[in-house]
Number of protein chains: 2
Amino acid sequence: MNNLEKPRGGRPRAFDPDRALDAAMHLFWEHGYEATSLAMLREAMRLTPPQIYNAFTDKETLFRKALERYHQTEIGFALEALSAPVPTHEAIRRLLMGAAETYSRPGKPGGCLFISGGLATSPQAQAIADELKTYRKASEAAIAGRLEKGRASGELPEGFPAEAFAKYLAGVMNGMSIQARDGASAEELRVLARTALAVLPGEGQKQDQSKD
Amino acid sequence: MNNLEKPRGGRPRAFDPDRALDAAMHLFWEHGYEATSLAMLREAMRLTPPQIYNAFTDKETLFRKALERYHQTEIGFALEALSAPVPTHEAIRRLLMGAAETYSRPGKPGGCLFISGGLATSPQAQAIADELKTYRKASEAAIAGRLEKGRASGELPEGFPAEAFAKYLAGVMNGMSIQARDGASAEELRVLARTALAVLPGEGQKQDQSKD
DNA sequence: CAGGTTTCGTAACGATCGATATGAATAATT
DNA sequence: AATTATTCATATCGATCGTTACGAAACCTG
């Protein structure tokens with residue numbers, strides 16, 4: 001499982017597994033798990049089928065590793081925002097603004113892989129759908145954790161419904177992902193995010209639609 | 001194209017096309033366009049392949065007719081809400097609350113067919129993805145139209161950004177669709193909708209989270 | 001250099017995909 | 001009754017799906 005493990009011998013790889021995984025990730029990001037065929041992967045990764053299967057076991061394992069890589073390389077903004085030593089409102093603002101940028105980055109597929117990867121799947125790919133759902137639920141839980149922290153510190157009201165609010169914020173981010181896929185620009189997503197932020201207590205509750 | 005047109009002769013159909021189309025619609029709703037195979041459709045519609053192809057031309061046409069039927073039979077709440085002779089805030093409230101119910105109806109697939117039907121597709125199904133996007137954009141435009149009407153009538157402020165707000169509301173509904181697919185209950189979706197509504201001017205701007 | 005190990009390229013596997021050819025069966029029309 | 005039109009059921013089409021034998025090639029260890 002570790003890329004750093006040295007083999008005891010044998011013919012060396014003629015390709016960089018991480019670069020190949022990157023190509024696969026972008027393809028899954030664009031077309032989803034099931035709609036991405038081995039033929040497409042073969043062309044994008046510039047590998048033969050046996051090379052893919054030797055390095056990544058099978059299509060499902062390749063997709064799971066693509067998810068891990070996406071989590072590590074593409075959406076670090078989320079953990080950064082939620083763990084930054086800033087007020088709760090600012091943390092959530094960074095989260096939504098980061099999503100606005102990340103979901104509409106030029107040269108990358110629009111939206112979030114955790115959604116585009118497979119929302120409605122065939123029964124055979126149910127495990128993949130479940131895996132993606134797990135990632136989405138983890139995001140929602142992370143938001144809830146940050147909000148509860150804000151409530152504990154007194155930034156948010158006593159009876160603030162952290163979980164319900166996290167479900168709202170996660171829902172907004174999911175919606176942004178779809179809007180991004182439908183062509184929304186980074187600026188449009190920022191405006192959407194700013195509107196969504198207006199319901200969160202803190203930061204003086206400004207209701208205007210002017211730019212930052 | 002019309003179900004009411006009488007044939008000049010020939011053997012009569014041994015099935016009800018509308019019931020068969022309903023079965024297909026639910027299957028597409030659950031699994032999306034590409035992940036729904038003819039074998040699955042054959043079983044759910046209780047028809048043989050030639051029956052399906054004779055009545056609906058091909059899989060793509062069947063899906064498009066399923067979209068039309070979904071639009072007519074499942075999401076009438078949207079047009080009702082937006083065309084009802086009620087204040088703007090109430091119209092939008094009905095829209096979001098209707099979505100909360102419709103996206104989590106027992107016995108039906110979670111979420112909205114216009115999203116679950118195919119968000120990320122193979123290149124061969126690009127036309128289907130475009131068609132779904134057109135439906136989503138039409139929804140957003142309908143919301144924008146209702147908001148502009150509210151602005152024109154003086155219910156909303158002079159410079160109210162109807163289109164940007166419509167993009168926010170459409171995004172929230174898209175997010176609700178995904179939350180519904182991830183198992184959110186009608187009540188959870190109503191809470192989400194109520195939170196989202198708080199940013200819309202009118203109705204006294206109440207910020208509490210209590211039930212209706 | 002011989003033995004062991006891993007990856008290489010070529011070719012093809014069985015399963016499933018969407019879609020159809022074929023001819024019998026059932027209706028309205030003449 | 002004969003003709004025409006449409007749907008029926010059976011069987012199967014070629015293409016693509018994910019996956020894998022197979023043997024040669026390229027490295028490390030002894």
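Side chains are part of it too, since the values below use all heavy atoms of this structure and drop only hydrogens, waters and symmetry mates. Proteins get letters first, then strands, A, B, ... in listed order; numbering begins at 1 in each. Owing to the predicted nature of the structure, the values given are computational and were not obtained by experimental measurement.
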Quiz prompt | Atom-to-atom span, CE of B:Met45 to C1' of D:dT7 - whole angstrom | solution = 15 Å
Practice problem: Please identify each residue that fulfils salt bridge (charged side-chain N to carboxylate O under 4.0 Å, His left out) with A:Lys149, with sequence neighbours left out. | Solution: none
Quiz item: Between A:Arg190 and A:Glu101, is the closest basic N to carboxylate O distance under 4.0 Å?
Solution: yes
Quiz item: For B:Ala55, which contact category applies under a 4.0 Å heavy-atom criterion: base, sugar-phosphate, or nothing?
Solution: nothing
Self-check item: Below 4.0 Å: OP1/OP2 of C:dG9 and any side-chain N or O of A:Gln51
Solution: yes
Quiz item: Rounded to whole angstrom units, what separation is found between the CZ atom of A:Arg11 and the P atom of D:dC27?
Solution: 8 Å
Exercise. Find the distance A:Leu47:CG to D:dG18:P and express it as a whole number of Å.
Key: 15 Å
Self-check item: Spacing between A:Asn54 atom CG and C:dT7 atom C1', to the nearest angstrom
Solution: 6 Å
Practice problem: Answer yes or no: does a side-chain N or O of B:Arg13 lie under 4.0 Å from OP1 or OP2 of D:dT7? | Solution: yes
N/O to N/O distances under 3.5 Å, protein versus nucleotides 12-19 of chain C:
unit_1, atom_1, unit_2, atom_2, d
C:dC17, OP1, B:Ser37, OG, 3.4
C:dG18, OP1, B:Thr36, O, 3.3
C:dG18, OP1, B:Lys59, NZ, 2.7
C:dG18, OP2, B:Leu38, N, 2.6
C:dA19, OP2, B:Tyr53, OH, 2.5
C:dA19, OP2, B:Lys59, N, 3.1
C:dA19, O5', B:Tyr53, OH, 3.2

Self-check item: Counterpart residues, side-chain contact (heavy atoms from CB on, under 4.5 Å), relative to B:Ala196 (two or more places apart)
Solution: A:Tyr168, B:Leu96, B:Tyr168, B:Val172
Exercise. Using salt bridge (charged side-chain N to carboxylate O under 4.0 Å, His left out) as the criterion, list what pairs up with B:Glu68, not counting sequence neighbours.
Key: none
Could you pull out all donor-acceptor pairs under 3.5 Å where a side-chain atom in residues 77-89 of chain A meets a protein atom, sequence neighbours excluded?
unit_1, atom_1, unit_2, atom_2, d
A:Ser83, OG, A:Leu79, O, 2.6
A:Thr88, OG1, A:Arg146, NH1, 3.0
A:Thr88, OG1, A:Glu155, OE1, 2.8

Quiz item: What residues, two or more places apart in sequence or in another chain, satisfy ring-ring contact (aromatic ring centres under 6.0 Å, His included) together with B:Phe56?
Solution: none
Quiz prompt | d(CZ, A:Phe56; C1', D:dT20) in whole Å | solution = 18 Å
Quiz item: Considering only side-chain heavy atoms of A:Pro12, which listed nucleotide, D:dT6, D:dT10, D:dA26, is closest?
Solution: D:dA26
Quiz item: Could you give the CD1-to-P distance, from B:Ile52 to D:dA9, as a whole number of Å?
Solution: 12 Å
